[in-house]
Amino acid sequence: MNRLPLEGITVVSLEQAVAAPFATRQLADLGARVVKVERPGSGDFARGYDESVHGQSSYFVWLNRSKESVTLDVKSDGGREVLERLLGEADVFVQNLAPGAARRLGLGAAELAERHPSLIVCDISGYGTTGPWADRKAYDLLIQCETGVVSLTGSPEAPAKAGISIADIAAGMYAYSGILAALYERRASGVARPVEVTLFEALAEWMGSPAYYTAYSGTQPTRTGAQHATIAPYGPYDASDGGTVLLAIQNEREWAAFCAVFLDDPALATDPRFHRNSARVARREELNAVVRARFAELTVAEAVTLLDRAKVAHAKLNSVAEFWEHPVLAGRDRWRDVATPGGTVRALLPPATPAGLTPRMGPVPAVGEHTEPVLRALGLDTAALAALRADGVL
C-alpha cells in the first residue's frame with residue numbers, strides 16, 4: 001500500500017508566485033491535502049506569467065500540481081468567514097501575501113495561534129514580518145541584488161542575475177523543511193510552532209562561501225563568467241567541433257592526472273606557476289591559454305574520452321532543450337505524466353522521496369475548480385454558495 005507520509009495533513013495556502021507554491025507543492029507531493037486559495041476570476045497572478053504550456057503559465061504548471069483550487073475574496077466579511085472555517089480544519093497555513101497584508105486581515109501568526117492553537121503558521125516574506133524592511137516589497141531579482149549574488153555572477157565586464165528564481169526557490173525549500181520540522185515538533189510535544197522564512201535570509205544562507213571569503217580575506221571573489229572564482233581550471237572550454245565542455249579540477253591528484261593524461265605534459269603538474277590551486281587561480285589566463293590550446297585540438301568526444309580516462313569531472317554545456325531530453329532523466333525513469341486544464345504535460349518526480357513510496361503527481365487545477373466541493377464539505381449548502389457568488393466572494 002502506497003500510504004504517503006503526509007496523508008491526513010491539510011494545508012491551506014494563501015499563496016502566489018513562486019516561493020509559497022513551491023513549498024506547498026512539495027507537501028502535496030508527499031500526500032498532504034493542499035487547498036490553494038486564489039482570487040476570484042483571475043486566481044494566482046502567476047497564472048498569467050506566460051501561455052507556453054498548452055496555453056498555461058510554465059511557472060504555474062510547475063508549481064501547482066496535486067492541489068485543490070478554491071476562489072475566495074478574503075478581504076470580504078464572507079470570504080474571511082469561509083477562510084476561518086477552512087483554517088479550523090487545517091494543520092498548516094501558509095501565506096506569502098504582500099507586506100503587512102496578512103496582519104491587516106487578522107491572519108498574523110500570533111492572532112491565529114489564539115484562535116487555532118494547533119495550527120502551524122508559515123509566513124513567507126521578502127525581509128521578514130519584523131525589522132526595518134518589514135514593509136518593503138521584494139522580488140527575486142531584487143533579493144539577488146541585495147544579497148550580493150548579482151555582484152558575483154556574470155562576466156568581469158557586466159554583472160548578471162541567475163537564470164532561474166533562486167531566491168524564491170531557496171525560500172520555498174526552507175519553508176518546506178521548516179513546516180516538516182514543525183509538524184514533527186507538534187507530534188512530539190503538542191506545540192504548534194510558527195515558521196517564518198524570508199527570501200533575503202534564505203538566499204543569505206546560500207551566500208555563505210563568498211561571504212566568508214570576502215570577510216576574512218578582505219577581497220571579494222571576482223566575476224569569472226562560467227569559470228569558478230576561486231578554483232582553476234574549473235570552467236568551459238571550446239572543442240574543435242564547436243561544442244563546449246566544462247571541467248572541474250578539485251584537488252592536486254586530479255590536477256596531476258589532468259596534466260599527464262589530458263594535456264600530455266606530466267611536468268606541468270609541478271611547474272611552480274601551477275603547482276597548487278592558489279597559484280593556478282593567480283595565473284588563470286596563462287593556464288587557460290594552455291588548456292584552450294589542447295581543447296582546440298580535440299572534438300568533444302575525444303576530450304570527454306581523455307577526461308574520463310584521467311577521472312576528471314566534466315560536463316557538456318547543454319541547452320534547456322538538451323536538458324529536457326537528458327539521458328540520465330530518461331535512464332532513471334524520472335518523468336511522469338501530469339494532467340492540466342490545457343492538456344497532459346511531463347513532470348519530474350520530486351528529487352527526494354522515501355524508498356518504496358510513489359509521490360503524488362496529481363492534476364494542476366483550473367481556477368476555482370474545487371470551490372464548490374470544498375465549501376460543501378464545510379457545510380455550506382446551495383443557497384449559501386449562491387449568496388456568496390452573488391456577493392462576489394467566490
Side-chain angles (χ1 to χ4, degrees), residues 6 11 13-30 32 34 36 44-46 49 59-60 62-64 67 92-103 107-109 120-154 159-185 193-215 220-221 229 348 350-352:
L6 297 184
V11 179
S13 190
L14 265 175
E15 59 180 29
Q16 54 197 358
V18 177
F22 188 40
T24 58
R25 195 217 75 192
Q26 293 174 90
L27 297 170
D29 288 342
L30 288 182
V34 176
K36 180 184 180 78
D44 179 345
F45 59 70
Y49 280 169
Y59 272 97
F60 194 87
W62 166 44
L63 295 168
N64 290 286
K67 299 180 184 179
V92 179
F93 173 61
V94 181
Q95 70 85 17
N96 68 331
L97 301 177
R103 185 179 63 253
L107 299 173
I120 294 167
V121 177
C122 179
D123 292 315
I124 304 174
S125 62
Y127 297 101
T129 56
T130 61
W133 285 14
D135 295 326
R136 181 176 290 206
K137 285 187 176 181
Y139 301 109
D140 187 88
L141 175 56
L142 308 183
I143 298 296
Q144 288 192 40
C145 289
E146 287 289 348
T147 55
V149 169
V150 172
S151 75
L152 297 170
T153 307
K161 73 177 185 69
I164 58 174
S165 303
I166 58 173
D168 288 308
I169 293 168
M173 288 300 304
Y174 289 120
Y176 168 58
S177 60
I179 290 167
L180 292 179
L183 285 167
Y184 186 86
E185 165 68 7
R193 300 187 186 279
V195 176
E196 181 170 5
V197 176
T198 78
L199 274 67
F200 183 81
E201 289 160 7
L203 206 52
E205 170 67 19
W206 288 21
M207 282 290 290
S209 174
Y212 278 118
Y213 185 97
T214 301
Q220 175 169 314
L348 286 169

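Side-chain contact of Asp123 with Gln95: a donor-acceptor pair under 3.5 Å is present, judged by distance alone.
Nearest heavy atoms, Thr147 versus Ala204: CG2-N, 4.1 Å. Of all the heavy atoms in Val197 and Ala171, the pair that sits closest is CG1-O, 3.6 Å. Nearest heavy atoms, Ala23 versus Ala175: CB-CB, 3.8 Å. The heavy-atom pair separating Pro21 from Asn64 by the smallest distance is CB-OD1, 3.9 Å. For the residue pair Pro194 and Ala109, the shortest heavy atom distance occurs at CB-CB, 4.1 Å.
A distance of 5.0 Å separates CG of Leu27 from CD1 of Ile179, quoted to the nearest 0.5 Å. Rounded to the nearest 0.5 Å, atoms CG (Asp140) and CD (Gln144) are 4.5 Å apart. To the nearest 0.5 Å, atoms OG (Ser165) and OH (Tyr139) are separated by 13.0 Å. To the nearest 0.5 Å, the span separating CG on Leu97 from CG on Leu107 amounts to 7.5 Å. Here the straight-line distance linking atom CG of Asp44 with atom NZ of Lys36 works out to 4.0 Å at 0.5 Å rounding.
Electrostatic pairing of Lys67 and Glu15 counts as a salt bridge here, judged by a charged N lying under 4.0 Å from a carboxylate O.
Two residues are said to be in side-chain contact when any heavy atoms from C-beta on lie closer than 4.5 Å; Gln220 and Leu152 meet this criterion. Considering only heavy atoms from C-beta on, Pro159 stays 4.5 Å or farther from Thr153 through its side chain. No side-chain heavy atom of Val34 sits under 4.5 Å from any side-chain heavy atom of Arg25. In this structure, the side chains of Leu142 and Leu199 stay at 4.5 Å or more apart for every pair of heavy atoms. Looking at heavy atoms from C-beta onward, Tyr127 lies out of side-chain contact with Pro99 at the 4.5 angstrom threshold. In this structure the side chain of Asp168 never reaches within 4.5 angstrom of the side chain of Ile143, judged on heavy atoms. Contact check for Ile124 versus Thr198: no side-chain heavy atoms found under the 4.5 Å cut-off. Using a 4.5 Å heavy-atom threshold, the side chains of Val94 and Leu14 count as separate.
Relative ring orientation between Trp62 and Phe22 is described as tilted, the plane-to-plane angle lying within the 30° to 60° band.
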**Asked** Would Val92 and Leu183 satisfy side chain to side chain contact (heavy atoms under 4.5 Å, CB included), going step by step from the backbone distance to the final call?
**Response** CA-CA 9 Å; Val92 179; Leu183 285 167; 4.0 Å; yes

**Request:** I would like to know whether Glu196 and Glu201 meet side chain to side chain contact (heavy atoms under 4.5 Å, CB included); could you show each step before the answer?
**Result:** CA-CA 10 Å; Glu196 181 170 5; Glu201 289 160 7; over 6 Å; no

**Item:** side chain to side chain contact (heavy atoms under 4.5 Å, CB included) between Val149 and Met207, worked out
**Value:** CA-CA 7 Å; Val149 169; Met207 282 290 290; 3.6 Å; yes

**Asked** Yes or no on side chain to side chain contact (heavy atoms under 4.5 Å, CB included) for Val195 and Val121, after CA distance, side-chain angles and deciding distance?
**Response** CA-CA 6 Å; Val195 176; Val121 177; over 6 Å; no

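No close placement of the Phe200 and Trp133 rings is indicated, their centers lying 6.0 Å or farther apart.
Annotation: side chain to side chain donor-acceptor pair (under 3.5 Å) contacts involving residues 173-184, sequence neighbours excluded, comprise Tyr174-Trp206.
A distance-only check finds no donor-acceptor pair linking the side chain of Asn96 to the backbone of Ser125 [under 3.5 Å].
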